[in-house]
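All remarks here apply to the structure that follows.
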Number of protein chains: 2
Amino acid sequence: MPTASNPRLEGRDLAAWKGMLRVHRELIGALGAGLERDYDLSLGEYEVLLNLADAPPDGLRMSEIAAELVVSRSGLTRLVDRLADRGFVTRARCPSDARGYFAQITAAGAERFAAARGAHLAEVRRRFHSQLDAGELDSLARIWDRLLAPAVAKSPK
Amino acid sequence: MPTASNPRLEGRDLAAWKGMLRVHRELIGALGAGLERDYDLSLGEYEVLLNLADAPPDGLRMSEIAAELVVSRSGLTRLVDRLADRGFVTRARCPSDARGYFAQITAAGAERFAAARGAHLAEVRRRFHSQLDAGELDSLARIWDRLLAPAVAKSPK
DNA sequence: GTAGGTTAGTTGCTGATGCAACTATATCAC
DNA sequence: GTGATATAGTTGCATCAGCAACTAACCTAC
């Protein structure tokens, strides 16, 4: 029972929190390493390609992708730079807003992504989904939903 | 229903997985920013101090801390370097193994950590625990436990 | 139509992280 | 004991990410 003088996390509170940090790091580490090793893609690059592969043919605005990946705009600029240098995406000016760009996946990008997707998702399923039952997956979905809902309820400044 | 030709994640599988990635990034981002802003500690530095504050007086071996934080040994070396430069930890040779060091928290480190802990945990509770009920926290604890158990069952080489 | 403020995206810079290589020590086989 | 191998920790290097500052374009008020 936490108090002002003993704010420590304990028992299930501790396990629920610390477990997420640990599981996330281990899974991300392992999945990223596999993707890098077998397909020469970082997890960030994979996620950009994933979003673009499912996007309308015009592609997606830079900011949309940044928001989806939860990375800074500058981070996304360089992520897309790297993908563009390798010929996996291209940028197209946005006709309705001259400040903006669409990022679009290229044939080469789609091909690389298609190659990586199967193995990556198999690994995600092996390490994550296959360890859990349907009820647990439902719980998780509900929990994430709950935690994301108040995402805008920022800390009091 | 995923198949070899359609490996896509859908429905609750997608929500359970993607939600973790998103929640983790948002929480870590917000919590790290708060800690940095108010106490000039990165999350990694906070976690090192947390582990040392709860450790026996001799401190902890570098490798133990690295394993606990799930960071590389080189990453931990520099994390401890930074904390040592600021006077928050010291290194002591390990008497029983001349290759090793103990990292120990100093009075200044303990003081800084004590100052940060309350606010940080309040924020963790506000953003995480307080959004969930007891059953959900139990579910999470069980889920992380399940996912960490086979941590050593590495991908087939 | 123009001034003020806002938004999209990029760039300079700095800090953090991991891998691979290295040093020093420990351990095991014999 | 001695040589081969493994482990603890650090360092060089390259990569990656964010913040703050910048440019260009948009938008609103008047």
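The chains referred to below are lettered A, B, ... by the order of the sequence lines, with proteins before strands, and numbering in each begins at 1.
Residues passing the salt bridge (charged side-chain N to carboxylate O under 4.0 Å, His left out) test with A:D40 are A:R86, sequence neighbours excluded. With sequence neighbours excluded, the residues forming a side-chain contact (heavy atoms from CB on, under 4.5 Å) with B:T90 are B:Q104, B:T106, listed by chain and number. Evaluation of the ring pair (Phe, Tyr, Trp, His ring centres under 6.0 Å) rule for B:H24 yields A:H24 as partners, not counting sequence neighbours. Scored by the side-chain contact (heavy atoms from CB on, under 4.5 Å) test, B:D54 finds A:R8, B:L50, B:R117 as partners (sequence neighbours excluded). B:A110 is linked by a side-chain contact (heavy atoms from CB on, under 4.5 Å) to B:I105, counting only residues two or more places apart in sequence or in another chain. With sequence neighbours excluded, no residue satisfies side-chain contact (heavy atoms from CB on, under 4.5 Å) with B:D38.
Note: CG (A:L76) to P (C:dA8) measures 13 Å, nearest angstrom. The interatomic distance linking B:L83 (CG) with D:dT10 (C1') rounds to 17 Å, in whole Å. Taking atom CG of residue B:D85 and atom P of nucleotide D:dT10, one finds them 12 Å apart after rounding to whole Å. Separating the CE atom of B:M62 from the P atom of D:dT7 is a distance of 18 Å, rounded to the nearest angstrom. Spacing between atom CG of B:L35 and atom P of D:dG18 amounts to 18 Å, rounded to whole angstrom units. Between the P atom of C:dA26 and the CZ atom of B:R61 lies a distance of 10 Å, rounded to the nearest Å. One interatomic measurement links the two molecules: CG of B:L79 to P of D:dT11, which rounds to 15 Å at whole-angstrom precision. Taking atom CG of B:L69 as the reference point, atom C1' of C:dT17 lies 13 Å away to the nearest angstrom.
For residues 75-94 of chain B, no residue pair satisfies the ring pair (Phe, Tyr, Trp, His ring centres under 6.0 Å) rule, not counting sequence neighbours. For residues 48-83 of chain A, no residue pair satisfies the ring pair (Phe, Tyr, Trp, His ring centres under 6.0 Å) rule, not counting sequence neighbours. For residues 118-142 of chain A, the set of pairs meeting the ring pair (Phe, Tyr, Trp, His ring centres under 6.0 Å) definition, not counting sequence neighbours, comprises A:Y46-A:H120, A:F128-B:W17.
Within a heavy-atom distance below 4.0 Å of DNA chain C, the residues of residues 90-102 of chain B found are B:D97, B:A98, B:R99. Residues of residues 39-54 of chain A having a heavy atom closer than 4.0 Å to DNA chain D: none are found.
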Distances for protein N or O near nucleotides 19-22 of chain D N or O, under 3.5 Å:
{"unit_1": "D:dC19", "atom_1": "N4", "unit_2": "A:S74", "atom_2": "OG", "d": "2.8"}

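A donor-acceptor pair is defined here as one N or O able to donate and one able to accept, closer than 3.5 Å; no such pair exists between the side chain of A:R91 and the backbone of A:A84. Here the side chain of A:E45 pairs a donor or acceptor atom with the backbone of A:S42 at under 3.5 angstrom.
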